[in-house]
Amino acid sequence: MKKDVNHFINNVRKVIERHKISEGAYARWIMEDGTDRKMGLNEYGCADAVNILYTIGDIPKDVEKRQAMVRVLQDMQDPETGLFVEETHHPIHTTAHCVAALELLDAEPLYKITALEPYKTKEGLYKFLEELDWKGTPWQMSHRGAGIYAALNNAGEATPEWNHWYFEWLWNEADPVTGLWRKDCATSGDKPAYEHMAGSFHYLFNHEHAKMPLRYPKKMIDSCLDMYYKNEMQAGFGQNVNFLEIDWVYCITRSVRQCTHRFE
């Protein structure tokens with residue numbers, strides 16, 4: 001049966017409007033929850049608003065409104081480091097998110113991301129990737145490992161050679177047992193399988209953007225289905241749409257696009 005999503009889209013518009021502080025400026029949170037959430041202007045609030053408006057086809061066509069969005073985001077960049085900094089995530093993740101939002105507005109950050117300069121060589125990039133905590137905190141570390149690609153590419157600072165190094169490293173470090181990243185880490189037992197899946201999701205959307213092949217798509221499908229059937233996901237999986245559900249569905253669907261393994 002066909003569903004009319006217009007009611008849902010209208011509700012999305014209302015949510016965005018409720019978070020609006022001024023033209024182009026948005027809060028991330030507007031409801032108290034007993035924590036010390038900052039309720040005012042926020043990097044993620046502004047970038048999220050751009051992402052959602054783009055998704056539903058509502059990016060403003062009015063030049064002044066678009067420029068207001070660009071201005072607010074650009075003003076959040078640190079001119080010394082080129083990073084966007086916010087308290088809840090690593091600066092590389094925040095930078096990637098804000099720079100990507102600017103890209104959707106056909107704009108770029110005002111300053112070069114100088115803090116990432118050490119990672120623009122092959123040696124620097126590989127050292128950066130090698131030293132991420134792939135076993136202990138794969139989900140959190142993926143914000144950095146995937147974010148560096150998104151930040152540099154959307155800022156126009158990544159070269160084709162750098163992108164080749166990046167995907168070459170990930171190709172070589174794909175785990176032949178699970179299809180996830182990094183080799184030998186997802187089976188280490190240090191963290192539940194879903195954390196490695198959620199971490200791998202972030203590298204997967206970079207592959208999708210660059211139209212790069214996955215090394216072990218069949219194994220990634222097996223891993224996702226197995227953790228579901230073995231109830232290795234968080235309690236209540238499928239009852240609500242949360243980060244894990246989104247990551248899991250993305251890993252399944254993008255892997256199936258590259259093979260027909262277990263399609264039924």
Side-chain angles (χ1 to χ4, degrees), residues 43-44 47-48 50-51 54 73 77-78 81-86 89-109 111-134 137-175 179-183 185-186 195-217 220 243 246-247 250-251 254-255 257-258:
E43 288 81 356
Y44 284 95
D48 286 345
V50 173
N51 287 333
Y54 178 86
L73 281 165
Q77 187 183 23
D78 184 332
T81 65
L83 296 173
F84 293 76
V85 180
E86 196 262 5
H89 286 76
H90 191 274
I92 293 179
H93 183 281
T94 309
T95 301
H97 203 47
C98 291
V99 173
L102 284 168
E103 195 275 336
L104 293 179
L105 296 166
D106 299 318
E108 292 183 348
Y111 311 101
K112 195 171 183 180
I113 311 175
T114 55
L116 300 183
E117 283 295 319
Y119 314 124
K120 287 186 176 180
T121 66
K122 185 176 184 179
E123 295 74 18
L125 173 63
Y126 282 16
K127 185 174 186 294
F128 169 80
L129 293 170
E130 289 277 352
E131 292 180 351
L132 295 177
D133 185 6
W134 294 86
T137 53
W139 194 348
Q140 294 93 326
M141 289 294 114
S142 67
H143 292 169
R144 308 182 196 185
I148 192 171
Y149 173 90
L152 290 178
N153 274 273
N154 283 309
E157 295 187 29
T159 65
E161 185 178 34
W162 188 91
N163 286 335
H164 173 76
W165 298 333
Y166 181 81
F167 288 112
E168 182 179 57
W169 191 92
L170 289 171
W171 177 270
N172 291 332
E173 289 298 328
D175 184 51
L180 305 172
W181 288 283
R182 179 185 180 192
K183 190 186 296 181
C185 291
E195 289 209 18
H196 293 280
M197 178 277 298
S200 294
F201 153 77
H202 289 86
Y203 301 98
L204 189 58
F205 63 65
N206 287 340
H207 282 73
E208 187 75 8
H209 169 264
K211 303 297 187 290
M212 295 297 292
L214 300 176
R215 188 166 187 180
Y216 304 112
M220 187 175 288
F243 292 113
I246 295 169
D247 297 355
Y250 194 91
C251 287
R254 271 49 183 186
S255 298
R257 288 180 181 183
Q258 298 198 17

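Bear in mind that the values here come from a model prediction, so they are computed numbers and not experimental data.
- Taken from OH in Tyr203 to CG in Asn206, the straight-line distance is 9.0 Å, to the nearest 0.5 Å.
- Annotation: salt bridge (Lys or Arg N to Asp or Glu O under 4.0 Å) contacts involving residues 150-160, sequence neighbours excluded, comprise Lys120-Glu157.
- Classification of the Phe201-Tyr250 ring pair by plane angle, with boundaries at 30° and 60°, yields perpendicular.
- At a cut-off of 3.5 Å, with distance as the only test, no side-chain donor of Tyr216 or Gln258 sits close to an acceptor on the other residue.
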Chi angles and distances behind the side-chain contact (heavy atoms from CB on, under 4.5 Å) call for His196, Leu180: CA-CA 7 Å; His196 293 280; Leu180 305 172; 4.1 Å; yes
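- In terms of the side-chain hydrogen bond (donor to acceptor under 3.5 Å, both in side chains) criterion, Asn154 has no residue partners (sequence neighbours excluded).
- Thr81 places no side-chain N or O within 3.5 Å of a backbone atom of Ala115 that could act as its donor or acceptor partner.
- By the 4.5 Å heavy-atom criterion applied to side chains, Lys183 and Asn172 are not counted as neighbours.
- From Leu102, atom CG reaches atom CD of Gln77 across 8.5 Å, with rounding to the nearest 0.5 Å.
- At a threshold of 4.0 Å, the pair Glu123-Lys127 does not count as salt-bridged, since none of the basic side-chain nitrogens sits closer than that to a carboxylate oxygen.
- Of all the heavy atoms in Trp134 and Cys185, the pair that sits closest is CB-SG, 3.6 Å.
- Between Lys122 and Glu161, none of the side-chain N atoms (NZ, or NE/NH1/NH2) sits under 4.0 Å from a carboxylate O, so this pair counts as no salt bridge.
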Steps toward side-chain contact (heavy atoms from CB on, under 4.5 Å) verdict (Tyr126, Glu168): CA-CA 10 Å; Tyr126 282 16; Glu168 182 179 57; 3.1 Å; yes
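- Put simply, OH on Tyr44 and CG on Asn51 are 11.5 Å apart, with the number rounded to the nearest 0.5 Å.
- Pairing each heavy atom of Leu170 with each of Trp181, the nearest pair is O-NE1, 2.7 Å.
- Considering all non-hydrogen atoms of both residues, Leu73 and Phe84 come closest at O-CE2, 3.0 Å.
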Please list every donor-acceptor pair under 3.5 Å in which a side-chain atom of residues 137-144 meets a protein atom from a residue at least two apart or in another chain.
| residue | atom | partner | partner atom | Å |
| --- | --- | --- | --- | --- |
| Thr137 | OG1 | Asp133 | OD2 | 3.4 |
| Ser142 | OG | Trp139 | O | 2.6 |
| Ser142 | OG | His202 | ND1 | 3.1 |

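- The shortest heavy-atom contact between Cys98 and Ala47 is CA-CB, 4.3 Å.
- Phe128 places none of its side-chain heavy atoms less than 4.5 Å from the side chain of Pro118.
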Apply the test side-chain contact (heavy atoms from CB on, under 4.5 Å) to residues Ile92 and Thr95: give CA-CA distance (whole Å), side-chain angles for both, the deciding distance (0.1 Å), then the verdict. CA-CA 5 Å; Ile92 293 179; Thr95 301; 5.6 Å; no
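- Distance alone, capped at 3.5 Å, places no donor-acceptor pair between the Lys112 side chain and the Gly82 backbone.
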The test is side-chain contact (heavy atoms from CB on, under 4.5 Å); show your working for Thr94 and Leu83 and say whether it passes. CA-CA 8 Å; Thr94 309; Leu83 296 173; over 6 Å; no
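- Pairing each heavy atom of Ile113 with each of Ala151, the nearest pair is CD1-O, 4.0 Å.
- Here CD of Glu117 is found 8.5 Å from CG of Leu152. Values are rounded to the nearest 0.5 Å.
- Classification of the Phe167-His207 ring pair by plane angle, with boundaries at 30° and 60°, yields perpendicular.
- Ion pairing between a basic and an acidic side chain is recognised when a charged N comes within 4.0 Å of a carboxylate O; Arg182 and Glu130 show such pairing.
- Annotation: the span from Tyr119 atom OH to Leu125 atom CG amounts to 10.5 Å, rounded to 0.5 Å.
- Note on ring orientation: taking the six-membered ring where Trp is involved, the planes of Trp162 and Tyr166 are parallel (angle under 30°, cut-offs 30° and 60°).
- When all heavy atoms of Cys251 and Leu204 are compared, the pair lying nearest together is CA-CD2, 3.5 Å.
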